[in-house]
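A quick note: this is a predicted structure, and the numbers were derived from the prediction, not measured.
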Amino acid sequence: MLFLALSWTQVAVAQFVVDDSLFRKKLFQTSQNYLTDALAAGSNLYNGIEHPGYLRSIKGSAYLDSEEFVEGRVKFDGVWYTIPMLYDLYAEKLVITHFYRHSRMSLINEKIEQFVLHDHRFVNFPVIESRQVVPKGLCEVLYEGDSVSLFAKKRRHLNERPTMYGLERDFTSFNQYYLFLDGAYHLVKSKRDMFALMGSKRREISTELRKNKIKFKKDRERALIIASKIYDEKTL
């Protein structure tokens, strides 16, 4: 009987040691989580304003590629964050969920250096008064080479039309493209603008566009990417 009592005591002590060890481990993990939460909640990343969103009755979308939050990366105030986000092309705001998940909020544009979302990379150009043509605000990097770079200022416009059934609203795309070469930015509005900048590479670019059945008016973005690559390759 004494042997059985001692055995049960040893089992109980061992069980207590294991339970105590697990308890301490969980307590330490919980403390770490609270510390992480506290640091994140106090981060200036969460100092933006609430993002109200848009009425479902509006046709089209204000957002880049998707209206669902998707994990992306943003360099904000010198620090990289990996978080779910949306990019609102109408308001030109990067949207995240508040730390406590109660609401959506827009990040402060001036503190965004760059972000990556849906395989798109955007950089932030300072908004300055200048007589020269320069991109301003958040612009997508479409091509970045040694002798030429291509950027796009991507926007959505909200159109409103009165009808006999009420006010109709829809979002439409409006993009501006900038080529950076020879130390200056150039706004490209037409095929003529593009060819004027490509110089002696015009014939090669024209041939490549025909081969790929790309018309500048219908697909300016692809045309400019191809032109940039050919110009960059032939200039090296």
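Cluster annotation: Val95 and Ile58 are assigned to the same hydrophobic cluster (Ile/Leu/Val/Met/Phe/Trp/Tyr, side-chain heavy-atom contacts under 4.5 Å, transitive).
In this structure, Lys136 is not positioned above the aromatic face of Phe125 in the sense of NZ or CZ being under 6.0 Å from the six-membered ring centre and within 45° of the axis.
In this structure, the side chain to side chain contact (heavy atoms under 4.5 Å, CB included) partners of Glu208, at least two apart in sequence or on a different chain, are Lys211, Asn212, Ile226, Ile230. Checked against side chain to side chain contact (heavy atoms under 4.5 Å, CB included), Ser206 has the following partners two or more places apart in sequence or in another chain: Phe195, Arg210. Considering only residues two or more places apart in sequence or on other chains, Ser57 meets the side chain to side chain contact (heavy atoms under 4.5 Å, CB included) condition with Leu55. In this view, Glu92 and Tyr87, Lys153, Arg155 satisfy the side chain to side chain contact (heavy atoms under 4.5 Å, CB included) rule, not counting sequence neighbours.
With hydrogens and angles ignored, the 3.5 Å screen pairs no side-chain donor or acceptor of Arg121 with any backbone N or O of Leu142.
Ion pairing between a basic and an acidic side chain is recognised when a charged N comes within 4.0 Å of a carboxylate O; Arg161 and Asp170 show such pairing.
At a cut-off of 3.5 Å, with distance as the only test, no side-chain donor of Glu50 or Ser103 sits close to an acceptor on the other residue. Thr172 and Asn159 share a side-chain donor-acceptor pair at under 3.5 Å.
The distance from atom SG of Cys139 to atom CD of Gln176, rounded to the nearest 0.5 Å, is 8.5 Å. Annotation: the span from Lys229 atom NZ to Asp232 atom CG amounts to 10.5 Å, rounded to 0.5 Å. Within the model, atoms CZ of Arg222 and CD1 of Ile214 stand 3.5 Å from one another, a figure rounded to the nearest 0.5 Å. Between the CG atom in Leu138 and the CG atom in Leu94 there is a gap of 7.5 Å [rounded to 0.5 Å]. Interatomic distance, CD of Glu140 versus NZ of Lys154, reported as 4.0 Å (0.5 Å rounding).
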One pair to check against side-chain hydrogen bond (donor to acceptor under 3.5 Å, both in side chains): Ser149 and Glu144. What are the steps and the verdict? CA-CA 4 Å; Ser149 294; Glu144 204 166 25; 5.0 Å; no
As a quick check of understanding, evaluate side-chain contact (heavy atoms from CB on, under 4.5 Å) for Phe216 and Leu224, giving each step before the final call. CA-CA 8 Å; Phe216 187 90; Leu224 283 166; 4.1 Å; yes
Show your working on side-chain contact (heavy atoms from CB on, under 4.5 Å) between Leu158 and Arg169 and close with a plain yes or no. CA-CA 7 Å; Leu158 179 58; Arg169 297 175 177 176; 4.1 Å; yes
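Side-chain heavy-atom separations under 4.5 angstrom define the hydrophobic clusters, and the remaining members of the one that includes Tyr165 are Met164.
Paired with Tyr90 under the rule ring-ring contact (aromatic ring centres under 6.0 Å, His included), one option of Phe171, Tyr63, Phe174 passes, and it is Phe171.
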Could you pull out every donor-acceptor pair under 3.5 Å between side chains of residues 178-189 and any protein atom, sequence neighbours left out?
none

